[in-house]
Amino acid sequence: MWNDYYILWNYAAVSITDIRYMELEAYEEMKYKFPTSTFVLTIQGDAGVTIDNQTYEVSRFYIFHGGKGSKLVIQAGESGLRLYYLMYKANLPSGGRNDLGRLMERINPFQMNYGFTPDMPTILYEQWKKMHFLWDQKNPIQHFQAKSLFYAFVEQISSQIPRVSNRYPSMLDQVSKVIEIVESSYTQPLTLHVLAEMIGTSPRSLSRKFKQSTGTSPIDYLIQFRLFKAKEMLLQTDATLDEIAVGIGYPDGYYLGRMFKKNTGLSPLQFKEKTSAPLYWPDLTSGVARNDIFRGGSGRYVYTDGDNHYQYKHGGSINMNRQTRTGMLLSILLSLTLLLSACSTGVASNSSVDASGSKSASSSTNTVTADNHTKTSEPRIISTVKGDITIPAEPKRIVVDLYLGSLIALGIKPVGTPEMNLKNPYFIKSLEGVQNIGEYETISLEKVLELEPDLIVTGNPDLFDSFSKIAPTLVVPYGELKNTHEEIAYFGEVLNKEKESEAWLADYDARIADAKKRVGEAIDPQAEVSVMQFYDKAPLAFGDNFGRGGQAVYSALGLNPPADKKEILMKDQLVEVSSEAIPEFAGDYIILTADNLTLEELKSKPVWSSLDAVKNDRVFIWSPDRSWYFDPIATLDQTEELAAWFKKISEPN
């Protein structure tokens with residue numbers, strides 16, 4: 001086994017990155033996370049030293065080694081401590097020797113953690129002094145001489161390691177290190193490749209070892225930890241979803257809401273309303289793995305480079321539950337509303353009606369079942385995923401969240417809608433006087449009640465129980481209406497706007513056909529078009545149903561996504577792309593959402609500058625306030641905007 005150790009040192013390309021001398025005062029503490037593989041030599045004084053979870057009592061001369069990502073904690077004794085440390089990088093040659101890669105999975109000398117009192121310490125001390133002096137000269141010749149001495153130093157201490165430690169870095173050491181990286185750096189754009197590189201192993205090996213120890217993958221662990229932090233913020237603060245998303249490493253509140261619902265089965269709002277018990281972490285590892293990784297009963301802490309380094313996860317935090325006050329206020333207001341309603345003979349109540357035999361054939365779950373001769377003058381029964389509801393024949397005061405664009409297209413102005421809708425640039429002029437009811441995931445029920453709606457239209461089934469206590473509530477889950485035609489036609493029928501829907505769709509079809517014709521004349525029909533959002537380290541790629549122009553590019557214009565990525569894009573709709581994978585997701589043309597970024601600036605970015613689309617100015621850059629919307633009106637305007645751009649870049653200069 002030690003032959004393997006020397007084989008890897010022999011074949012690795014080694015480079016010193018820094019050599020430094022340090023003095024610690026009496027009882028001074030130092031914390032440091034090794035950015036590369038590191039040797040430490042103490043030469044005077046005493047201290048307690050911990051590398052990851054291994055503790056050493058140090059006096060005078062002591063040698064330590066830690067792999068990249070290892071955390072060093074030194075608590076100097078009463079006499080202080082003097083030490084040198086040397087950081088280096090070691091990489092195996094790419095290609096060819098597969099056996100070297102297998103050796104690295106079994107024994108990685110550059111990631112080993114150990115410490116011991118060396119033989120002949122004064123000789124080592126003289127070597128370190130000389131290396132430090134040569135390194136400080138900032139001259140290639142002296143640096144080469146320092147590297148030569150470094151190899152001699154490694155040879156001397158390597159012969160002593162078998163006598164003081166028979167322990168190689170175990171699978172659990174690597175898993176523990178990844179867990180620590182995730183929990184301290186979860187706001188960063190971590191990928192499997194990044195995590196593997198940080199601990200000096202391959203992505204495949206890391207994934208296998210991590211799942212074997214914890215029962216989950218590293219990326220799933222990252223997702224669950226990010227969502228755990230989101231839950232803490234939801235329960236303990238009044239932060240918005242966008243603010244929470246930024247705080248846990250997600251691009252925006254919409255993406256956070258989607259991930260939250262996908263992984264917990266609840267929306268963030270529903271979670272906040274239903275949760276009062278304290279949260280604890282970890283909760284992912286299996287019983288056996290947890291006993292190995294999370295030793296004893298001591299609380300683990302999140303270590304950051306800022307303040308509050310010791311915030312224990314298992315501490316006695318108090319969760320502020322604001323549900324009681326809101327529920328009491330809502331109950332009082334609802335009681336007054338019901339009292340007034342009992343004294344009038346207005347619209348029929350929102351009681352459930354037995355729909356057996358009353359449903360009409362429809363491709364949608366929601367169906368209109370009223371008699372055609374009376375539906376314009378009588379309340380109607382609508383079958384929804386939440387059962388049958390009765391709505392007014394001509395609702396005058398509508399509150400709507402997701403489907404505002406369809407209502408505007410039909411000439412209907414609601415009385416209330418979420419804040420993000422009020423900023424929609426595609427029909428902002430049509431929203432004068434419309435009230436803000438909060439954000440999508442934190443809608444104010446008090447505000448909705450205050451608006452006295454006679455109909456509420458929502459795409460979120462989780463809100464039905466709350467909304468239906470205020471007014472008849474029409475629930476159409478997002479994705480149930482597959483395209484613009486289904487959406488406009490459905491709401492036209494439900495809201496007695498059939499003529500308006502037919503006219504709007506006729507105009508829509510004509511304009512889309514014209515746009516498709518112009519694009520067909522401008523680009524090769526086999527060309528691949530990517531829909532992406534720019535981030536320096538981990539951009540996002542989108543499918544045909546998640547905004548950023550996806551509906552316009554893939555649904556309206558019928559353009560082709562990158563062939564090799566079509567399946568994952570259309571299945572997941574949003575994919576986080578590692579920097580090295582950007583070329584795989586980049587098509588002949590790129591529709592790119594970015595904040596304050598020009599094409600010339602994009603040409604200076606690593607990886608991006610190598611893409612044909614970037615080199616040949618085939619990138620359309622727009623800001624999030626224009627690309628995020630995907631209602632029928634926005635989709636139509638985006639389609640025409642993109643068609644004009646395709647035509648423009650195809651024309652000779």
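Atoms considered below: every heavy atom in the structure, side chains included; atoms not considered: hydrogens, waters and symmetry mates.
- At most 12 heavy atoms of other shown residues, nucleotides or ligands fall within 6.0 angstrom of atom NZ in Lys566.
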Exercise. Passes side-chain hydrogen bond (donor to acceptor under 3.5 Å, both in side chains), Asp625 versus Ser623? Steps please.
Worked result: CA-CA 6 Å; Asp625 63 333; Ser623 58; 2.2 Å; yes

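- One finds a salt bridge joining Arg511 and Glu640 here, because a Lys/Arg side-chain nitrogen approaches an Asp/Glu carboxylate oxygen to under 4.0 Å.
- Under 4.0 Å is where a charged nitrogen must lie from a carboxylate oxygen, and between Asp514 and Arg518 at least one such pair does.
- Between the Glu243 side chain and the Thr240 main chain, a donor and an acceptor come within less than 3.5 Å of each other.
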For this session: Assess whether salt bridge (charged side-chain N to carboxylate O under 4.0 Å, His left out) is satisfied between Lys565 and Glu584, documenting all intermediate values.
Result: CA-CA 8 Å; Lys565 302 301 178 182; Glu584 301 173 21; 3.2 Å; yes

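- Gln551 contributes a side-chain N or O that, together with a main-chain N or O of Gly547, makes up a donor-acceptor pair within less than 3.5 Å.
- Looking only at side-chain heavy atoms (C-beta outward), Ile389 and Thr473 stay at 4.5 Å or farther from each other.
- Between Lys603 and Val614, the shortest heavy-atom contact is CE-O, 3.3 Å.
- In this structure, Gln270 contributes its side chain and Leu266 its backbone to no donor-acceptor pair below 3.5 Å.
- With hydrogens and angles ignored, the 3.5 Å screen pairs a side-chain donor or acceptor of Ser530 with a backbone N or O of Phe585.
- Atom CG of Asp524 has more than 12 neighbouring heavy atoms from other residues, nucleotides or ligands inside a 6.0 Å radius.
- In summary, Glu452 and Arg397 do not engage in a salt bridge, as defined by a charged side-chain N under 4.0 Å from a carboxylate O.
- Of all non-hydrogen atoms in Leu256 and Ala230, the two that sit nearest each other are CD1-CB, 4.2 Å.
- Listed here is the closest heavy atom pair of Pro562 and Leu569: CD-CD1, 4.4 Å.
- Note that OG1 of Thr484 and CG of Leu636 are 8.5 Å apart. Values are rounded to the nearest 0.5 Å.
- In this structure, Lys647 places its NZ atom where only 12 or fewer heavy-atom neighbours from other residues, nucleotides or ligands lie under 6.0 Å away.
- Taking a cutoff of 4.0 Å between a charged side-chain nitrogen and a carboxylate oxygen, Arg380 and Asp388 do not qualify as a salt bridge.
- Side-chain contact annotation: Asp631 with Tyr426, donor-acceptor N/O pair under 3.5 Å absent.
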For this session: Test salt bridge (charged side-chain N to carboxylate O under 4.0 Å, His left out) on Lys447 and Glu450 and set out the steps.
Result: CA-CA 5 Å; Lys447 183 64 177 179; Glu450 178 186 311; 3.3 Å; yes

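- Gln573 places a side-chain N or O within donor-acceptor distance of the main-chain N or O of Asp544, the cut-off being under 3.5 Å.
- The pair Glu432-Lys413 does not count as a salt bridge, with every side-chain nitrogen at least 4.0 angstrom from each carboxylate oxygen.
- Within the 3.5 Å criterion, the main-chain N or O of Val400 finds a donor-acceptor partner in the side chain of Thr417.
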For this session: Apply side-chain contact (heavy atoms from CB on, under 4.5 Å) to the pair Glu439 and Met420, showing each step before the final yes or no.
Result: CA-CA 7 Å; Glu439 299 189 35; Met420 188 173 181; over 6 Å; no

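- Side chain of Tyr554 to main chain of Val529: a donor-acceptor pair is present (N/O by atom type, distance under 3.5 Å, no hydrogens or angles).
- In this structure, OG1 in Thr191 is found 6.5 Å from CG in Leu195, a value given to the nearest 0.5 Å.
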Problem set entry | Chi angles and distances behind the side-chain contact (heavy atoms from CB on, under 4.5 Å) call for Ile590, Leu611 | CA-CA 10 Å; Ile590 300 175; Leu611 304 178; 4.1 Å; yes

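- Listed here is the closest heavy atom pair of Ile443 and Pro418: CD1-CG, 4.3 Å.
- Put simply, the side chain of Leu495 reaches to within 4.5 Å of the side chain of Ile412, judged on heavy atoms.
- A salt bridge between Lys386 and Asp465 is absent, with no side-chain N of the basic residue lying under 4.0 Å from a carboxylate O of the acidic one.
- Scanning both residues, Ile621 and Leu597, for their nearest heavy atoms gives CG2-O, 3.6 Å.
- The closest donor-acceptor contact from the side chain of Glu528 to the backbone of Asn560 lies at 3.5 Å or more, if one exists at all.
- Using a 4.5 Å heavy-atom threshold, the side chains of Pro453 and Ile456 count as touching.
- Atom-to-atom distance recorded for Ile591:CD1 and Glu641:CD is 10.0 Å, nearest 0.5 angstrom.
- In this structure, the separation between CD1 on Ile391 and CG on Asp454 is 9.5 Å, given to the nearest 0.5 Å.
- Contact of the Gln533 side chain with the Trp628 side chain is registered, since non-hydrogen atoms from C-beta on lie closer than 4.5 Å.
- Between Tyr221 and Phe225, the ring planes lie parallel to each other; the angle is under 30°, not in the 30° to 60° tilted range.
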For this session: Walk me through it: do Leu592 and Trp608 pass the test side-chain contact (heavy atoms from CB on, under 4.5 Å)?
Result: CA-CA 12 Å; Leu592 186 67; Trp608 292 92; 4.0 Å; yes

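- Ring centroid separation for the pair Phe646 and Tyr589 comes in under the 6.0 Å cut-off.
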For this session: Check step by step if side-chain contact (heavy atoms from CB on, under 4.5 Å) holds for Leu481 and Val476.
Result: CA-CA 8 Å; Leu481 302 171; Val476 186; 3.6 Å; yes

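- The closest donor-acceptor contact from the side chain of Asp572 to the backbone of Leu574 lies at 3.5 Å or more, if one exists at all.
- A distance-only check finds no donor-acceptor pair linking the side chain of Ser501 to the backbone of Gly492 [under 3.5 Å].
- For Phe427 and Tyr629, the distance between ring centers is not under 6.0 angstrom.
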Exercise. Can you check salt bridge (charged side-chain N to carboxylate O under 4.0 Å, His left out) on Asp462 and Lys261, steps first, answer last?
Worked result: CA-CA 10 Å; Asp462 296 336; Lys261 181 66 177 291; 3.4 Å; yes

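- Under 4.0 Å is where a charged nitrogen must lie from a carboxylate oxygen, and between Lys229 and Glu232 at least one such pair does.
- In Glu580, the CD atom is crowded: over 12 heavy atoms of neighbouring residues, nucleotides or ligands sit closer than 6.0 Å.
- The pair Lys423-Glu419 meets the salt-bridge criterion, since a charged nitrogen lies less than 4.0 angstrom from a carboxylate oxygen.
- Using a 4.5 Å cut-off on side-chain heavy atoms (C-beta onward), Phe534 and Thr593 make no contact.
- In this structure, Phe620 CZ and Gln638 CD are separated by 9.0 Å, a value rounded to the nearest 0.5 Å.
- Of all non-hydrogen atoms in Thr458 and Asp401, the two that sit nearest each other are OG1-OD2, 2.5 Å.
- Atoms CG and OH, on Leu241 and Tyr250 in that order, are 13.0 Å from each other to the nearest 0.5 Å.
- Within the 4.5 Å cutoff, the side chain of Val385 has heavy atoms near those of the Glu480 side chain.
- Between Arg226 and Asp220 there is no salt bridge, since no side-chain nitrogen of the basic residue lies less than 4.0 Å from a carboxylate oxygen of the acidic one.
- Taking the side chain as every heavy atom from C-beta outward, Tyr403 and Ile408 never approach each other to under 4.5 Å.
- A heavy-atom distance below 4.5 Å is found between the side chains of Thr635 and Thr639.
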